[in-house]
2 protein chains.
Amino acid sequence: MSAPALYDPYRVCPSRQLLDRIGDRWTVLIIGTLEDGPLRFSQISRLIDGISQKMLTQTLRSLEADGLVVRTVYPEVPPHVEYELSALGRTLLEPLEILRAWAVDHMDEVATARAAALG
Amino acid sequence: MSAPALYDPYRVCPSRQLLDRIGDRWTVLIIGTLEDGPLRFSQISRLIDGISQKMLTQTLRSLEADGLVVRTVYPEVPPHVEYELSALGRTLLEPLEILRAWAVDHMDEVATARAAALG
DNA sequence: TAACTCGGTATCCTTTGGGAAGTAGGCACC
DNA sequence: GGTGCCTACTTCCCAAAGGATACCGAGTTA
């Protein structure tokens, strides 16, 4: 910890709040789906296994409030809403891609360790 | 990975489970504190603002089960337990450091957006 | 003998999250 | 003209996760 006293992620401060946000169960996955361009609500919902409509709405709303995602409503019937990453949101893609790559690379080791721990 | 059909983080599969684990509120912070070497339970507890004993115990236990952290008990009184990153756990440091750097670099922008959203 | 040490459990209670169902509102079909 | 369909939510209710607090064991110190 080359520890900045002002911006210490381990303490209550803006950067810690930001880590808490990213540490959200769905945030990483939602941002990942938006990597290749804007998607509609129902498309994101279909892409991510197990997310409820409620949590998708809720997470998208706070991503919008944080300026990471842009929400565009097309006044049509039936409703048409698109979500896409803002410039700021796109800066998150690389760190998350690295994390995703780590997960894919090492999941076998973790699965083995987990199985051994149960035995 | 050229086989997204098999190892798709957005679907139920080992890599998704792993992202869920990393996406845990405390995992990232705990691993970060262990960056510079082994720490005792109470040291980690003091370093991370707001973590309860229960969650620290619980998270450390599953990190141990996943082979990311090694738990060493010294049979002394009062109890002495040390936690340190395994080789596998240390491979997570770089991805997490990148994430932490992103959080520190961009928190001002997010704070601004959040304030604007409230106004 | 009482208090202090550390790394936890046990208990209770609040907060959060998920599933299912309801809402809006204009359009197509019968 | 009434019924049903479309999407993007919203609401309700219950289960699960999480936080606060109390308590523990056992040797060592006051």
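Just so we're on the same page: letters track the sequence lines, and every chain starts at 1. In this text the structure is predicted, and so the values were computed from the model without any measurement.
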First locate atom [atom1] of [X], then atom [atom2] of [Y], and finally report the distance between them rounded to the nearest 0.5 Å.
X     : Y     : atom1 : atom2 : answer
A:Y83 : A:L56 : OH    : CG    : 7.0 Å
A:L63 : A:I31 : CG    : CD1   : 5.0 Å
B:T27 : B:L96 : OG1   : CG    : 9.5 Å

TODO: Apply side chain to side chain contact (heavy atoms under 4.5 Å, CB included) to the pair A:V81 and A:R71, showing each step before the final yes or no.
DONE: CA-CA 7 Å; A:V81 181; A:R71 179 173 183 266; 3.9 Å; yes
Open item on the list: As a test of reading the structure: which of C:dG8, C:dG18, C:dT11 is closest to the side chain of A:R25, going by heavy atoms?
Closed with: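 Out of C:dG8, C:dG18, C:dT11, the nucleotide with an atom closest to A:R25's side chain is C:dG18.
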TODO: Could you tell me whether the side chain of A:R90 and the main chain of A:L85 form a donor-acceptor pair under 3.5 Å?
DONE: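 Such a contact is found between A:R90 side chain and A:L85 backbone.
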Task: B:S86 side chain vs B:L68 backbone, donor-acceptor pair below 3.5 Å - done: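 Present.
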Task: Ionic contact status for B:E35 with B:R100, cut-off 4.0 Å - done: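 So B:R100 pairs with B:E35 through a salt bridge.
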Check the distance between [N]'s [atom2] and [X]'s [atom1] and give it to me in whole angstrom.
X     : N      : atom1 : atom2 : result
B:Q43 : C:dC6  : CD    : P     : 10 Å
B:M55 : C:dT15 : CE    : C1'   : 13 Å
B:F41 : C:dT5  : CZ    : P     : 16 Å
B:L56 : C:dT9  : CG    : C1'   : 14 Å
B:L39 : C:dC6  : CG    : P     : 14 Å
A:Q53 : C:dG22 : CD    : C1'   : 11 Å

- [ ] Tell me yes or no: between the side chains of A:R61 and A:T57, is some donor less than 3.5 Å from an acceptor?
- [x]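 No.
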Open item on the list: With a cut-off of less than 4.0 Å, is there a side-chain N or O of A:W26 near OP1 or OP2 of C:dT16?
Closed with: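 For A:W26, the contact criterion (side-chain N or O under 4.0 Å from OP1 or OP2 of C:dT16) is not met.
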Task: DNA chain D-proximal residues of residues 57-84 of chain B, any heavy atom under 4.0 Å - done: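 DNA chain D contact set from residues 57-84 of chain B: B:Q58, B:V77, B:P79.
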Open item on the list: Suppose we screen for ring pair (Phe, Tyr, Trp, His ring centres under 6.0 Å). Which residues come up paired with A:W26, at least two apart in sequence or across chains?
Closed with: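 For A:W26, no residue satisfies ring pair (Phe, Tyr, Trp, His ring centres under 6.0 Å) once neighbours in sequence are set aside.
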Task: Start and end of the DNA chain D segment that chain A contacts, any atom under 4.0 Å from a heavy atom - done: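 Listing 5' to 3', DNA chain D meets chain A from D:dC6 to D:dC12.
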